[in-house]
Number of protein chains: 2
Amino acid sequence: MITSTQFVAEDDRQQPRLGDRVYQQIKERLIRGAHGPGDKLTVRALAEDLGVSSTPARDAINRLVLEGALVYAGPKTVIVPFLDAQALEEITLMRLALEGLAAEKAAARVSGEDIDLLRETQLRINAALDQRRYADALWSNKEFHFAIYRLCGMPHLLATIETLWLRIGASFNDLYPEFAEAKYGVHNHMAAMEGLAEGDSGAVRAAIESDIRDGYRRLKRADRERTSAQTRPD
Amino acid sequence: MITSTQFVAEDDRQQPRLGDRVYQQIKERLIRGAHGPGDKLTVRALAEDLGVSSTPARDAINRLVLEGALVYAGPKTVIVPFLDAQALEEITLMRLALEGLAAEKAAARVSGEDIDLLRETQLRINAALDQRRYADALWSNKEFHFAIYRLCGMPHLLATIETLWLRIGASFNDLYPEFAEAKYGVHNHMAAMEGLAEGDSGAVRAAIESDIRDGYRRLKRADRERTSAQTRPD
DNA sequence: GTGTGATTTTTGTTGCAACATAATCTTGCA
DNA sequence: TGCAAGATTATGTTGCAACAAAAATCACAC
């Protein structure tokens, strides 16, 4: 499980609300691609689906909208957004700036056991790819990145990066094969770990930026193919 | 009034909710320093204060918490956060990354009349400073920055930057004199406008980064004085 | 005075009904 | 067949009461 550091400061609310549970479930569905772009979400349907009243369901939807994982398509219509090429580029630029920063700062605070954990995570990525378990590969890839970003001890930064991943994930995680394409990112990940081991912050940043750019190219290509094949219903 | 582009994509919900009004009012109070760090906000008090029921008041508080403008200090206690030196540095690093990016991209899309508008805004800043109207100076300063950031046409980026300003503003906008100190940022702003006029994206980024760093030094100094003078009640 | 435990008050969350309005369906006409 | 207007359904928002839990207050012993 990724951090779930959803609140910027330490969340002193110990007992999770019902709305949080709903939020997590929708988030999970979005990440797993259970809802594709254009799918409509309603308060009542969600409430009945999860066996809660409308208040927590409404809370969860509002929260997702605020984070950009859902958008209004009309005054009473929230949908999973279509991420067009322009939005994808924008979010990628933000990722480069923010994840690059995180990677750089992480190099200064990394420990030996941190690197060991990263190595294990990378092994899980490789194994999943070898066995064509793309969903698992994607998940471990996420773990790898956030394990690095967590190192720098910047909660605001971490929370912001998470929302960016969610915005992209909602639209693109149904593209496992293309996204996780053969040995996705393995070279960049190795370079990142080397940089961390040597305390070379510039190298870590470069490796992460390269990883993001590689992923961007794949996503852009996938988006082009998708939009050319079937005309988008919007 | 600043954009209020609170929703990432174009907000198709035309009729604003009651909760939005509450949200805007609290945001306004925070920016104006009407609530200092440590102040407690309760749903019922807010609701009665603004003459609405608890639902919109609760919505507004939750939204502010999600944006980091308020934080939980306990399971049932939301307060205006104390921004310590570390958090201030973190947010400054994020601002450098994100506003630097926005400034750079703005240079490629700026028009002549955009620059004219910026010039007018700068005149308002100068006038306000000359007359010691620090609150107005701060407001116009904000307008200046966001007028630039809006140019790049990146709604996700703009929304994220806004939340960063809000997080800092809640803790530091009660420091007008120190913050708006003699001709605050006028040199950097001139450099930014020159860079925009010449389409020199690097120069614009450098000017904005310099402006952010100057502001950071002032805030850090003010914070040091404040925390040394009176022991913080936390 | 000071700390500790019980008691009272306050508070966030949840469920739910009412309301206004937007989305959707139906019907009629060209 | 296409489309426009009216009727119907569905939906988000709001207000409010109930509940559990936390915070604040108070009492009392030391």
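Reminder, nothing fancy here: chain letters follow the sequence lines and each chain counts from 1. Computed from a prediction, not measured in an experiment: that's the story for all the values here.
Note on residues 92-107 of chain A: pairs passing side chain to side chain donor-acceptor pair (under 3.5 Å), not counting sequence neighbours, are A/R95-A/E99, A/E99-A/Y149, A/E99-A/W165, A/E104-A/R205. Each salt bridge (Lys or Arg N to Asp or Glu O under 4.0 Å) pair with one or both residues in residues 36-48 of chain B, not counting sequence neighbours, would appear here, but there are none.
A/N62 places its CG atom 13 Å from the C1' atom of D/dT11, with the value rounded to the nearest Å. The separation between A/R17 atom CZ and D/dA21 atom P is 16 Å, rounded to whole Å. Distance A/Y72 OH to C/dA22 C1': 13 Å, rounded to the nearest Å. Across the protein-nucleic acid pair, A/I61 atom CD1 and D/dT11 atom P stand 11 Å apart, rounded to whole Å. A straight line from CG of B/D20 to C1' of D/dG12 spans 12 Å, rounded to a whole angstrom. Distance CG (B/D59) to C1' (D/dC16): 15 Å, rounded to an integer number of Å. Whole-Å rounding puts the A/L41 CG to D/dG12 C1' distance at 14 Å.
Residues from residues 43-52 of chain A with heavy atoms under 4.0 angstrom of DNA chain C, sorted by number: A/R44, A/V52.
Checked for salt-bridge contact, B/D59 and A/R58 meet the test: a charged N lies under 4.0 Å from a carboxylate O. One finds no salt bridge joining A/K220 and A/D223 here, because no Lys/Arg side-chain nitrogen approaches an Asp/Glu carboxylate oxygen to under 4.0 Å. Between A/K27 and A/E67 there is no salt bridge, since no side-chain nitrogen of the basic residue lies less than 4.0 Å from a carboxylate oxygen of the acidic one.
Scanning all heavy atoms of the two residues, the minimum distance from A/R124 to A/S140 falls at CB-OG, 3.9 Å.
By the side chain to side chain donor-acceptor pair (under 3.5 Å) test, B/R132 pairs with no residue at all, sequence neighbours left out. Residues satisfying the side chain to side chain donor-acceptor pair (under 3.5 Å) criterion with A/R29, sequence neighbours excluded, are A/D49.
Between C/dT13, C/dG12, C/dA20, one nucleotide has an atom nearer to the side chain of B/R58 than all others, and that is C/dT13. Nearest nucleotide to the side chain of A/K76, out of D/dA20, D/dG15, D/dT11: D/dT11. Taking the side chain of A/T77 as heavy atoms from C-beta on, and the options D/dG15, D/dA22, C/dA23, the nearest nucleotide is C/dA23. Taking only side-chain atoms of A/T55, from C-beta outward, the nucleotide of C/dC16, C/dA22, C/dT11 with the closest atom is C/dC16.
In this model, the phosphate group of C/dG12 is not approached by any side-chain N or O of B/S54 to a distance below 4.0 Å at OP1 or OP2. Look at B/K40 and you'll find a side-chain N or O under 4.0 angstrom from OP1 or OP2 of D/dA24.
Each end of the helix from C/dG1-D/dC30 to C/dA30-D/dT1 gets its own axis, taken as the rotation carrying the C1' atoms of four end pairs onto the next four within a five-pair window, and the two axes meet at 20° to the nearest 10 degrees.
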Decide side-chain contact (heavy atoms from CB on, under 4.5 Å) for A/L41 and A/I79; before the verdict, give the C-alpha distance in whole Å, the side-chain angles of both, and the deciding distance to 0.1 Å.
CA-CA 6 Å; A/L41 298 194; A/I79 63 171; over 6 Å; no

